[in-house]
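Beneath this line is the structure, given in structure tokens, with notes to follow.
Atoms within a ligand are numbered from 1 in the order they appear, just like the ligands themselves. Values below: all heavy atoms of this structure, side chains included; hydrogens, waters and symmetry mates excluded.
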Amino acid sequence: MYLHASIALVSLQLLQLGGYTSALPTEQKPLRYTKSDNVQAVRDELKKAEIIPTVIDDFLPSLTLSVSWDKKTASLGNTIKPKHLQDAPTITLHDSTDSDVSTTSNITYVITLTDPDAPSRDNPEWSEFCHWIGANVSLTEKTYSILPLPIFGFQESDTDDEEERKTGLDTVVEYKPPGPPAKTGKHRYVFLVFGPKNGTTEKLFLSTPEERKHWGTGEERGGVKIWAEKNGLVPVAANFLYAQNEKQ
Ligand SMILES: *[C@@H]1O[C@H](CO)[C@@H](O)[C@H](O)[C@H]1NC(C)=O
Ligand SMILES: *[C@@H]1O[C@H](CO)[C@@H](O)[C@H](O)[C@H]1NC(C)=O
Ligand SMILES: *[C@@H]1O[C@H](CO)[C@@H](O)[C@H](O)[C@H]1NC(C)=O
């Protein structure tokens, strides 16, 4: 219980990103447990899959991220065939707290997709491989009284909204669909959403990695974490899936 309380406190600090200010709270506020359990579950799955700490340092998500294609939805480590992942997915970001501040905030977020297992998890010499960077992602304003968790399969009927969100995306690196080579086992495809550390609501000017391999860092294992730090971004949400070539 004590452990849980301190984790929730960390989450309060991250939550400030969704608000007006980047200042961290100086006083302790009453903690809410109900919905934060969901983001705790995300963190647990990220650790189990060793995404924390291999890809990103430990963090407690403050938002929940739904990633879906026509037929499939990423649900924290399910396996999806590459053929279902060919088009850029629909992204929805939800505030997983009861905070009413963030729903009116104009902060925009950055969606990324990275493969830390290129060409394979045993031999990550091209890792990480950058698959996607898109800015200008807004919170989904709709509120859900009950979040269908831990599987974030929000199936929204409102297609107009989805279209709007897709077109609002400010692409930094084009979506390159997962294409794991033959006989390289399962790859982790990790979606991370970042927010500006300084809490700005202005348009973000982000650097474009010089190449997809190693996110342009030139170093094995160089990847999204280094890029995000360089761009003043902090992680706020995540989801992931596994995919492999049919030939194993
Ligand atoms: C968000 O932007 C709109 C229009 O630019 C503005 O009217 C509104 O006050 C802004 N909201 C916040 C929370 O800054
Ligand atoms: C950001 O998205 C909004 C719609 O959500 C759109 O009106 C705006 O043009 C987009 N900005 C950029 C820079 O893509
Ligand atoms: C805040 O951070 C963003 C993203 O790193 C950057 O583009 C922007 O210039 C920063 N704004 C201020 C006022 O420091």
Distances for all N or O pairs of ligand 3 and the protein under 3.5 Å?
unit_1, atom_1, unit_2, atom_2, d
ligand 3, 2 (O), N198, OD1, 3.2
ligand 3, 2 (O), N198, ND2, 2.5
ligand 3, 5 (O), N231, O, 2.5
ligand 3, 11 (N), N198, ND2, 2.8
ligand 3, 14 (O), N198, ND2, 3.2

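Contact check on K186 versus D117 returns no salt bridge, with no Lys/Arg side-chain nitrogen under 4.0 Å from an Asp/Glu carboxylate oxygen.
We find the CZ-CG distance between R188 and L46 to be 10.5 Å, quoted to the nearest 0.5 Å.
Under the 30°/60° scheme for interplanar angles, the aromatic rings of Y242 and F240 are found to stand perpendicular.
Scanning both residues, P61 and A237, for their nearest heavy atoms gives CB-CA, 4.2 Å.
Annotation: D87, atom CG; neighbour count of heavy atoms from other residues, nucleotides and ligands within 6.0 Å does not exceed 12.
Distances below 4.0 Å separate heavy atoms of D170 from the following atoms of ligand 2: 13 (C), 14 (O).
Residues passing the ring-ring contact (aromatic ring centres under 6.0 Å, His included) test with F194: none are found, sequence neighbours excluded.
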